[in-house]
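These notes concern the structure reproduced below.
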Amino acid sequence: MEKHWKKIIGPVVITVILVLYFLLYTAPAFMDVLPYGVRIAGLVIPLVLAGVLIAMLAERIKEIRSGEEDDLGKY
């Protein structure tokens, strides 16, 4: 179990950085000068992308824990 933590740190750090980056794009959604549709799209799209990143992180952690670190090993 301990050997897996070193392999998990990289994907977690990258995911956190990207989620924070996408959350920065939600800031204009709270401006009153933008039309309502643009504000909704500016809020929904980055949140969906952040959710996909978190789902991919969970899948990657599951792969690492199962011992399959190399995705190309399937082919």
Side-chain angles (χ1 to χ4, degrees):
M1 182 75 171
E2 287 296 321
K3 65 178 180 177
H4 295 303
W5 286 110
K6 290 182 181 179
K7 296 177 183 177
I8 292 175
I9 290 173
V12 169
V13 169
I14 296 299
T15 300
V16 167
I17 290 170
L18 287 173
V19 166
L20 291 174
Y21 180 73
F22 284 134
L23 290 179
L24 285 174
Y25 277 102
T26 61
F30 298 106
M31 297 176 139
D32 289 334
V33 295
L34 295 173
Y36 185 71
V38 173
R39 290 172 46 187
I40 294 298
L43 185 65
V44 170
I45 293 171
L47 291 179
V48 168
L49 290 173
V52 168
L53 279 172
I54 292 170
M56 289 175 59
L57 174 66
E59 183 178 331
R60 182 66 182 141
I61 289 174
K62 188 171 71 171
E63 286 177 356
I64 290 172
R65 286 187 177 162
S66 71
E68 188 173 334
E69 292 90 9
D70 186 14
D71 290 337
L72 295 177
K74 296 178 185 177
Y75 302 105

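Since we're looking at a predicted model, the values are computed, not measured.
- Side chains of Ile8 and Arg65 form a contact here, defined as non-hydrogen atoms less than 4.5 Å apart.
- For the pair Ile17/Val13, a side-chain contact is recorded, criterion being any heavy-atom separation below 4.5 Å from C-beta on.
- The nearest pair of heavy atoms linking Pro46 to Ala41 is CD-O, 3.8 Å.
- Across Arg39 and Asp32, no two heavy atoms sit closer than the pair NH1-OD1, 3.8 Å.
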Practice prompt. Quick one: do Val19 and Leu49 satisfy side-chain contact (heavy atoms from CB on, under 4.5 Å)? Show the steps, please.
Written response: CA-CA 8 Å; Val19 166; Leu49 290 173; over 6 Å; no
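- Linking ILVMFWY residues whenever their side-chain heavy atoms come closer than 4.5 Å, directly or via other members, leaves Leu18 and Met56 in distinct clusters.
- Nearest approach of Leu24 to Pro28, heavy atoms of both residues: O-CD, 3.9 Å.
- Linking Ile, Leu, Val, Met, Phe, Trp and Tyr residues whenever their side-chain heavy atoms come within less than 4.5 Å leaves Ile54 and Ile61 in two separate clusters.
- One hydrophobic cluster, built from ILVMFWY side chains closer than 4.5 Å, cannot hold both Leu20 and Leu47; they sit in different ones.
- Under the side chain to side chain contact (heavy atoms under 4.5 Å, CB included) test applied with Phe22, the options Ile45, Leu53, Val52, Val48 reduce to a single match, Leu53.
- Within the 4.5 Å cutoff, the side chain of Leu43 has heavy atoms near those of the Phe30 side chain.
- Under the 4.5 Å side-chain contact rule for hydrophobic residues, Val16 and Leu57 share a cluster.
- Salt-bridge formation is not detected for the pair Glu59/Lys62: no Lys NZ or Arg NE/NH1/NH2 atom is positioned less than 4.0 Å from an Asp or Glu carboxylate oxygen.
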